[in-house]
Amino acid sequence: MHERFHYKTLLEVKEKCRELSVDLPFAENTSALAAALDIKGFHVPNRLGIAPMEGADSTKEGKPSEYTERRYVREAIGGSGIIWYEAISLVEEGRSSQTQLLINEENLDAFKRMNEKVKEAGMKANGYEPLLIMQSNHSGRYSNPGNRPRPLIAQRNAYLETFRSADDSCIVSDDYLRRTEESFGESALLAKKAGFDAVDIKCCHGYLFQEVAAAYDRKGEYGGSYENRTRLLKNSIRAAKAYEDKDFFVTARIGIYDGYPKDSRGWGQDAEGRLDLTEPKRLMSELWNEFSLPLCNITMGNPYATTHVTRPFDSGKYPPDEHPFQGLSRMVHGVEEIKKTVPEMIVYGSAPTYLREFADLYAAGAVERGMADGFLFGRMAFADPDFANEIVKNGRIDPKRVCLTCGKCGDLIRAHKPTGCVIRDNATFMPFYKEWLEEKKNLPSNFRG
């Protein structure tokens, strides 16, 4: 099934939901998104945030470039209460590309200068600084240091190896994972020095931490039992919390369902491949009860293998076997299950962008119903960095600026080129897209994507 979004009115959207027997929340207005929040002593003026969307625009050394600064400054001016930065690698071998940001002592001042500009831009434009969260990541199976695939995996997985080949030599040792825990602890100190307000210990989307969480067949300290499979995440959070104080806290972006075929043993699914949140709900309870994590963002899927689960789309690498509204329903009700499990934790939802000009009413409806406390917008922020101010100040998002889920930003990041909206920010990003189209002509057919 591959349906393009063609709905002109909210009534048409609701009618399609009834036809599919899916429940998507829609509010009458967006006032719920304009309400302020207190997160660990930080005043957040609205329930809207920027999701971590990689820009593939670092310098070779991993420092932010002029394109990186441009993106985050524009988003701060746009009024979102939270800017959840893109995945930032901590080690060279864990970078997703030569254009992925890398934080270390050598690059620290560049991040600090950028964050000062971002906060200054938000204060000047809106009278407040956005809450800045640094997402610490290790790309694991999808590591491409120097733009050459060098996967680092938790265990073999035949399904995932159809997307990224790997062999036994790619399996990381327990010693490597213990060193990774130390790196993620140190990332909190680096984030703090760089002027971030929080650090995210990322565990989602098929990267190393998420893969370890589903390492059912791995031997040793990090595989097999639930306790072993969640050890990497918990120990990393514990190490990061050593640097927590009144001005800095630890959070996490957590994937709760991989969406893999039944024989591929994904996280958050049963032996038949169906959604099963037993372990993710247990994990979230522990993150609250053992670590007092004040905030989490919940997501699903693997953008390399199950893209439609992560972010429903109009145009992509394959036709999904479900209607995008079914994917949205699974996502928002999964978020709701987590919120019910940890009612005192502030829980942000993901992936509202597919609904275009109705995404604001959808997010507001979820907040009104207590399914989530707020929402992060990813692709929408590329297309329209001002979406938050449009919603909060004008009541609705500008329908002429919304993301069309065409997938071209995804093409750019896979091509390791500065990434943004080719449609809405045409003058900036169309030249990069044309470069990629020319380069694509010279690639073997199996590398064209």
Side-chain angles (χ1 to χ4, degrees), residues 52 54 87 89 93-97 100 137-145 147-174 176-177 180 202-220 222-224 226 228-233 253-276 279-280 283 299-313 316-322 327 330-331 334 407 410 413-414 446-449:
E54 286 186 48
S89 189
E93 75 269 15
R95 291 175 78 181
S96 63
S97 72
Q100 184 189 34
N137 189 47
H138 188 301
S139 294
R141 185 177 293 272
Y142 306 104
S143 296
N144 290 284
N147 291 342
R148 293 181 179 277
R150 292 179 186 170
L152 296 168
I153 65 175
Q155 65 179 25
R156 299 293 299 276
N157 185 307
Y159 171 66
L160 294 176
E161 286 166 23
T162 64
F163 301 93
R164 174 64 61 87
S165 61
D167 57 32
D168 288 352
S169 70
C170 301
I171 300 174
V172 295
S173 67
D174 283 5
Y176 184 88
L177 294 178
T180 298
K202 180 180 181 179
C203 184
C204 61
H205 295 173
Y207 296 112
L208 184 62
F209 279 51
Q210 179 86 353
E211 189 165 287
V212 170
Y216 304 101
D217 300 322
R218 182 185 173 96
K219 306 298 181 185
Y222 295 91
Y226 166 84
N228 283 356
R229 290 183 283 108
T230 56
R231 187 186 307 277
L232 177 63
L233 174 63
R253 192 177 201 209
I254 302 293
I256 58 172
Y257 170 65
D258 285 336
Y260 300 159
K262 71 174 186 176
D263 296 326
S264 299
R265 305 293 305 281
W267 165 255
Q269 53 191 83
D270 64 18
E272 297 298 313
R274 296 170 300 211
L275 181 72
D276 181 354
E279 287 193 343
L283 174 62
T299 182
M300 292 182 176
N302 175 327
Y304 300 87
T306 55
T307 314
H308 70 286
V309 175
T310 303
R311 48 177 182 264
F313 54 79
K317 295 176 288 185
Y318 61 90
D321 59 2
E322 65 181 14
R330 178 177 53 240
M331 177 75 80
I413 193 169
R414 286 188 293 273
N446 59 321
F447 284 95
R448 291 178 186 171

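Hydrogens, waters and symmetry mates are skipped; everything else that's a heavy atom, side chains included, is used. The shown structure was predicted, so the numbers you read here are calculated from the model rather than taken from an experiment.
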Check [X] against [Y] and note the closest heavy-atom contact, atom names and distance.
| X | Y | answer |
| --- | --- | --- |
| R229 | A213 | NH1-O, 2.7 Å |
| R156 | D168 | NH1-OD1, 2.9 Å |
| A166 | I153 | CB-CD1, 4.0 Å |
| A154 | I171 | O-CG2, 3.6 Å |
| M331 | V309 | CE-O, 3.6 Å |
| G220 | N228 | O-ND2, 3.2 Å |

Any donor-acceptor pair under 3.5 Å linking the side chain of [X] with the backbone of [Y]?
| X | Y | result |
| --- | --- | --- |
| N137 | S89 | no |
| D276 | R274 | no |
| S143 | G140 | yes |
| Y142 | R164 | no |
| R218 | Q155 | no |
| T310 | N302 | yes |
| S165 | E161 | no |
| R265 | A271 | no |

Geometric class of the W267/Y226 ring pair [parallel <30°, tilted 30-60°, perpendicular >60°]: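 Parallel, since the angle between the ring planes stays under 30°.
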Mutual orientation of the aromatic rings belonging to Y207 and H205 [parallel < 30°, tilted 30-60°, perpendicular > 60°]: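 The arrangement is tilted - the two ring planes meet at 30° to 60°.
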With sequence neighbours excluded, residues passing salt bridge (charged side-chain N to carboxylate O under 4.0 Å, His left out) with R330: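 For R330, the residues satisfying salt bridge (charged side-chain N to carboxylate O under 4.0 Å, His left out) (neighbours in sequence not counted) are E322.
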Pairing residues for K262 by the salt bridge (charged side-chain N to carboxylate O under 4.0 Å, His left out) criterion, not counting sequence neighbours: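 K262 satisfies salt bridge (charged side-chain N to carboxylate O under 4.0 Å, His left out) with E272 once adjacent residues are dropped.
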Side chain to side chain contact (heavy atoms under 4.5 Å, CB included) between Y176 and E93, intermediate numbers included: CA-CA 12 Å; Y176 184 88; E93 75 269 15; 2.7 Å; yes
Side-chain touch L283/P280, heavy atoms, less than 4.5 angstrom: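 No. Closest side-chain heavy atoms not under 4.5 Å.
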Heavy-atom check, side chain of H308 versus side chain of D321, under 4.5 Å: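 Contact flag for H308/D321 side chains = yes.
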Working to the nearest 0.5 angstrom, can you tell me the gap between [X] [atom1] and [Y] [atom2]?
| X | Y | atom1 | atom2 | answer |
| --- | --- | --- | --- | --- |
| S97 | N147 | OG | CG | 5.5 Å |
| R311 | T306 | CZ | OG1 | 10.0 Å |
| I256 | Q210 | CD1 | CD | 10.0 Å |
| F209 | T180 | CZ | OG1 | 6.5 Å |

Salt bridge (Lys or Arg N to Asp or Glu O under 4.0 Å) pairs, two or more places apart, involving residues 203-212: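 For residues 203-212, and leaving out neighbouring residues, the salt bridge (Lys or Arg N to Asp or Glu O under 4.0 Å) pairs sorted by first residue read R141-E211.
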Evaluation steps, side chain to side chain contact (heavy atoms under 4.5 Å, CB included), between Y222 and V172: CA-CA 10 Å; Y222 295 91; V172 295; over 6 Å; no
Distance-only side-chain donor-acceptor flag, Q269 / D258, under 3.5 Å: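 Absent: no donor and acceptor within the cut-off.
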Ring center gap for Y159 and Y260 short of 6.0 angstrom: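 Yes; Y260 has its ring centre under 6.0 Å from that of Y159.
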L208/L177 under side chain to side chain contact (heavy atoms under 4.5 Å, CB included): CA gap, chis, key distance, verdict: CA-CA 10 Å; L208 184 62; L177 294 178; 4.1 Å; yes
S139 and Q100: CA distance, side-chain angles, deciding distance, side chain to side chain contact (heavy atoms under 4.5 Å, CB included) verdict: CA-CA 10 Å; S139 294; Q100 184 189 34; 4.0 Å; yes
